[in-house]
Q: 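Below is the structure I would like to discuss, written out as structure tokens.
FYI, side chains are in, hydrogens and waters are out, and symmetry mates aren't considered; it's all heavy atoms of this structure. The sequence lines fix the lettering, A, B, ..., with proteins before strands; numbering per chain opens at 1.
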2 protein chains.
Amino acid sequence: MGGVRTIARPRPARQEAAPPASPLPLDQIIQGDCIARMRALPDKSVDLIFADPPYNLQLGGELFRPDGTHVDAVTDDWDKFESLKTYDAFTRAWLAEAHRVLKDDGAIWVIGSYHNIFRVGVAVQDLGFWILNDIVWRKANPMPNFRGTRFTNAHETLIWASKGEKAKYTFNYRSMKTLNDELQMRSDWEFPICGGPERLKKDGHKVHPTQKPEALLYRVLLACTKPGDVVLDPFFGTGTTGAVAKRLRRRWIGIEREDGYIDAARARIAAALPLDESAIATMQSPRAQPKVAFGTLVETGYLAPGTMLSDAKRRFQAMVRVDGSLASVCGEVGSIHKLGCILQGTPACNGWTFWHHEADGRLQPIDTLRQTYLLATQP
Amino acid sequence: MGGVRTIARPRPARQEAAPPASPLPLDQIIQGDCIARMRALPDKSVDLIFADPPYNLQLGGELFRPDGTHVDAVTDDWDKFESLKTYDAFTRAWLAEAHRVLKDDGAIWVIGSYHNIFRVGVAVQDLGFWILNDIVWRKANPMPNFRGTRFTNAHETLIWASKGEKAKYTFNYRSMKTLNDELQMRSDWEFPICGGPERLKKDGHKVHPTQKPEALLYRVLLACTKPGDVVLDPFFGTGTTGAVAKRLRRRWIGIEREDGYIDAARARIAAALPLDESAIATMQSPRAQPKVAFGTLVETGYLAPGTMLSDAKRRFQAMVRVDGSLASVCGEVGSIHKLGCILQGTPACNGWTFWHHEADGRLQPIDTLRQTYLLATQP
DNA sequence: GAACTGAATGAATCGTGCC
DNA sequence: CGGCACGATTCATTCAGTT
């Protein structure tokens, strides 16, 4: 099973000091075909890829060759099987490059609709990516089905995948839980479609037909990257990914073919303001806090040797010993975690929340002592 | 684009008179492998297929909740496949048979999760089916992600497809709109997971690990079939499809391998009661209806179709129909508000406070049911 | 009997890091 | 690479048992 790379221990800052020389064209739009341009990027060099590929809507019969170039003059009698086959080849080609340029602990997001998402999903799996979730973007204000022939198409689907089954990946669990009112963030997200002042227009017409809302990218980048991480968007369009990345102080690379989109994206990103450093800080997993050994609490007098601990239901009791180990009334000994496992008969136990001590007339988890210690000793 | 076969023009009744001799094993469970058993069915013979195939979950080791209790996972042999390739071959084989036995104006529904739905979707498209919508079942009460490693997997995906791009299909647009508060039914549906008295148990244990809620099948069958239509379920399990089909006066055929599931399904379907004929009638008028928010209560079982309502003084009576419309004893039909207007001869009527149902031996306004529903489903 | 409390449970691809 | 210590992690609902 894969591993979650939480924002555990402080890593060398990449942005705060002088940015290290990078072989990557950071914070730039590269003009051209996404497959060809990705080929010019080094192996294992980006932390996250967000891709919003053509949906192959089969309305006007928009088609792409395996090299990503557009097929013109499609007629109604174009064979649908050929169309799907061609779209599959195109999808596999750009996803293969995406897999190559992704760091081993990176991840990819792809958005699509029922027209193309199944083909994208199969290609993702076949290339060795490991799907972590499929996410549903529920549109708060979708376009109705005017003819009354189907259900209102009110959502799009995103696939989130790590580089492989055993690969690590970044997931800022605490940030997501905080964002969702202290409940786990679910796989269905509701956002309005992109409109109002956020929607880029030129001469009264929308610049891009499928501009994505910034809120969507905000959640993706907040969940799966850290400040300074490099985000690649091979179908950059009008640069929603770049604008949000800049705002959240992530680095970005965009690939886009069309002049009109590139111009709009450049102006948009130039106008975007990075959030204040302090605003970028997110809720951290406990892992990110300095580690406190249970023995330290004994050593420093926060908990006296000889103190009796028990679980919340007072089924089990144990005594604190001078070295920070516990001894149960039955004679078993071990660390706070180990003894919790033994007594409960479970393979895992968090001793910090399992064991309680008597304070102010009631049982409190010993984790509160750890918090007190941290508050008292941290600057 | 396909054509919608609405229930506009009256067709010869199939059920009211003597049922015509059918080569199909109607209202029966056929024991055996679904591919082999489908081969014995004639070409173009069923109106709808609902399929809940194995998801190929590929679960790893044991999983424990934070409180140390064990999670009862799906470990059945029927969900194990050697590889994705094997799973693809299996999927294409049963879908090919499904395509053959389906009438030209029939349709198919398949449910799955991110583990398998992309592979299913590609097979559906490659076999010539034409996807009409993908539908998201949002679980009101999903199982959390206990390790905090991903987003809560809070939904499953259904694919709805016609037999081909130009094929006709049935879509009861009015029924869906009535059911959804006079708004077009969207592609995201919220239902609780199957539990409580609806969940089949034996010796205190669930009979089937993945029993689907009847509300889900209720909406599918109401949207896409007419009374008397034949519904085939090649992965019948404990017979949710059969039970709902019988309730809605549709014919059904189930294919299932395992004795335990078949026994449970037979008993369950035998106990299911077909709704009153008049309750089955669906709204056919294209006219706009006054706004109601009533269909959900019917769909979720807060108020059974066929229930008689009356006003507070018992001067007027009306029966609840499957799509949330009411039919008076005089034959008038309409939403709860509209029928109140008609019967009283008033220009406006709040159906929520006008209509009452018998509960605890006395009449209570149906608005109390709405309140109950809201209390039960809102955070 | 109503109200409250605690236990049980659901289609789940559910760790990291040191030695 | 394996083995093992450390320690991070849950929401809505139902149902049984108690007050």
Side-chain angles (χ1 to χ4, degrees), chain A residues 1-6 8-9 125 130-134 161-162 165-166 168-169 171 173-174 177 180-187 285-289 291-294 312-313 334-338 340-341 347-355 367 370, chain B residues 52-76 78-80 84 111-117 137 139-157 192-199 201 204-206 208-213 237 376-379:
Chain A
M1 302 300 98
V4 179
R5 188 186 62 173
T6 55
R9 55 188 70 172
Q125 290 180 307
W130 192 248
I131 297 181
L132 299 165
N133 277 117
D134 61 334
S162 66
E165 180 176 356
K166 311 284 186 190
K168 296 186 196 302
Y169 56 91
F171 180 53
Y173 177 76
R174 277 302 324 172
K177 189 166 177 176
N180 195 40
D181 205 11
E182 286 305 313
L183 288 179
Q184 277 194 348
M185 188 70 81
R186 298 169 40 116
S187 56
S285 297
R287 204 68 186 270
Q289 298 176 351
K291 204 150 105 179
V292 178
F294 179 68
K313 296 169 193 166
S335 72
I336 54 172
H337 313 296
K338 184 82 174 185
C341 295
C349 170
N350 182 352
W352 290 109
T353 52
F354 178 75
W355 292 109
D367 196 40
R370 178 167 62 164
Chain B
D52 182 11
Y55 287 9
N56 188 25
L57 285 184
Q58 305 172 73
L59 300 180
E62 304 278 84
L63 182 63
F64 294 85
R65 298 184 179 81
D67 65 4
T69 59
H70 182 254
V71 175
D72 184 19
V74 179
T75 53
D76 307 70
W78 51 253
D79 197 49
K80 292 189 179 6
L84 288 178
I111 184 168
S113 67
Y114 68 85
H115 309 85
N116 71 322
I117 198 66
W137 166 29
K139 300 182 183 183
N141 48 348
M143 185 162 75
N145 180 295
F146 296 118
R147 304 299 295 267
T149 56
R150 304 178 179 190
F151 298 98
T152 305
N153 195 1
H155 74 276
E156 294 188 23
T157 301
I193 59 179
C194 183
E198 187 186 325
R199 187 85 194 209
K201 304 234 170 136
H205 299 288
K206 53 190 177 190
H208 195 286
T210 70
Q211 184 182 338
K212 295 294 177 287
T377 57
Q378 300 301 305

Q: From CD of A/E182 over to P of D/dT9, roughly how many Å is that when rounded to an integer?
A: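 Going from A/E182 (CD) to D/dT9 (P), I get 11 Å.
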
Q: Which residue, B/T149 or B/Y55, contacts DNA chain C at a nucleotide closer to its 5' end, judged by nearest heavy atom?
A: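 Going by which nucleotide is closer to the 5' end, it is B/Y55.
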
Q: Suppose you measure atom P in C/dG10 against the same atom in D/dT9; what distance do you get, rounded to whole Å?
A: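 25 Å, rounded to whole Å.
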
Q: Would you indicate which nucleotide in C/dA12, C/dG15, D/dT13 comes nearest to any side-chain atom of B/N153?
A: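 Per side-chain heavy atoms of B/N153, the pick is C/dA12.
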
Q: OP1 or OP2 of D/dG7 sitting under 4.0 Å from any side-chain N/O of A/H337?
A: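 Checking D/dG7 against A/H337, a side-chain N or O does come within under 4.0 Å of OP1 or OP2.
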
Q: Give a yes/no answer on whether the side chain of A/K338 brings an N or O atom under 4.0 Å of OP1 or OP2 in D/dA5.
A: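 Indeed, a polar side-chain atom of A/K338 lies that close.
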
Q: How long is the line joining CG of B/L59 and P of C/dA12, in whole Å?
A: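 Going from CG in B/L59 over to P in C/dA12 covers 8 Å.
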
Q: Check whether any side-chain N or O of B/T157 sits under 3.5 Å from a backbone N or O of B/S113 as a donor-acceptor pair, and report yes or no.
A: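 No, because the side chain of B/T157 does not come within donor-acceptor range (under 3.5 Å) of the backbone of B/S113.
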
Q: Determine which pairs satisfy salt bridge (Lys or Arg N to Asp or Glu O under 4.0 Å) with at least one residue from residues 57-71 of chain B, sequence neighbours left out, and list them in order.
A: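 Pairs touching residues 57-71 of chain B that pass the test: none.
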
Q: Is the glycosidic torsion of D/dT13 within 90° of 0, making it syn, or is it anti?
A: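 Chi for D/dT13 falls in the anti range.
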
Q: Starting at the 5' end of DNA chain C, what dot-bracket string do you get if Watson-Crick and G-U pairs under 3.5 Å are bracketed, crossing pairs use [ ], other-strand pairs use | and unpaired bases use dots?
A: .|||||||||....|||||

Q: Please tell me which of B/F64 and B/G196 maps to the more 5' nucleotide of DNA chain D, matching each residue to the nucleotide holding its nearest heavy atom.
A: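 Nearest-nucleotide comparison on DNA chain D picks B/F64.
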
Q: Give every pair of a protein N or O atom and an N or O atom of nucleotides 5-10 of chain C that lie under 3.5 Å apart, one pair per line with the distance.
A:
{"from": "C/dA7", "atom 1": "OP1", "to": "A/K313", "atom 2": "NZ", "distance (Å)": "3.3"}
{"from": "C/dA7", "atom 1": "OP2", "to": "A/K313", "atom 2": "NZ", "distance (Å)": "3.4"}
{"from": "C/dG10", "atom 1": "OP2", "to": "B/K206", "atom 2": "NZ", "distance (Å)": "2.8"}
{"from": "C/dG10", "atom 1": "O5'", "to": "B/K206", "atom 2": "NZ", "distance (Å)": "2.9"}
{"from": "C/dG10", "atom 1": "N7", "to": "B/R65", "atom 2": "NH2", "distance (Å)": "2.7"}
{"from": "C/dG10", "atom 1": "O6", "to": "B/R65", "atom 2": "NE", "distance (Å)": "3.1"}
{"from": "C/dG10", "atom 1": "N2", "to": "B/P142", "atom 2": "O", "distance (Å)": "3.3"}

Q: Which whole-number value in Å describes the distance from B/R150 CZ to D/dT10 C1'?
A: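 Nearest whole value for this atom pair: 16 Å.
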
Q: Looking at D/dT10, I'd like to know if its phosphate oxygens (OP1 or OP2) sit under 4.0 Å from a side-chain N or O belonging to A/K177.
A: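 For D/dT10, OP1 or OP2 has a side-chain N or O of A/K177 closer than 4.0 Å.
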
Q: For B/T152 and A/F294, take the nucleotide of DNA chain D holding the closest heavy atom to each; which residue's nucleotide lies nearer the 5' end?
A: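 Nearest-nucleotide comparison on DNA chain D picks A/F294.
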
Q: Send over the distance from A/R186 CZ to D/dT10 P, rounded to a whole Å.
A: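 Going from CZ in A/R186 over to P in D/dT10 covers 16 Å.
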
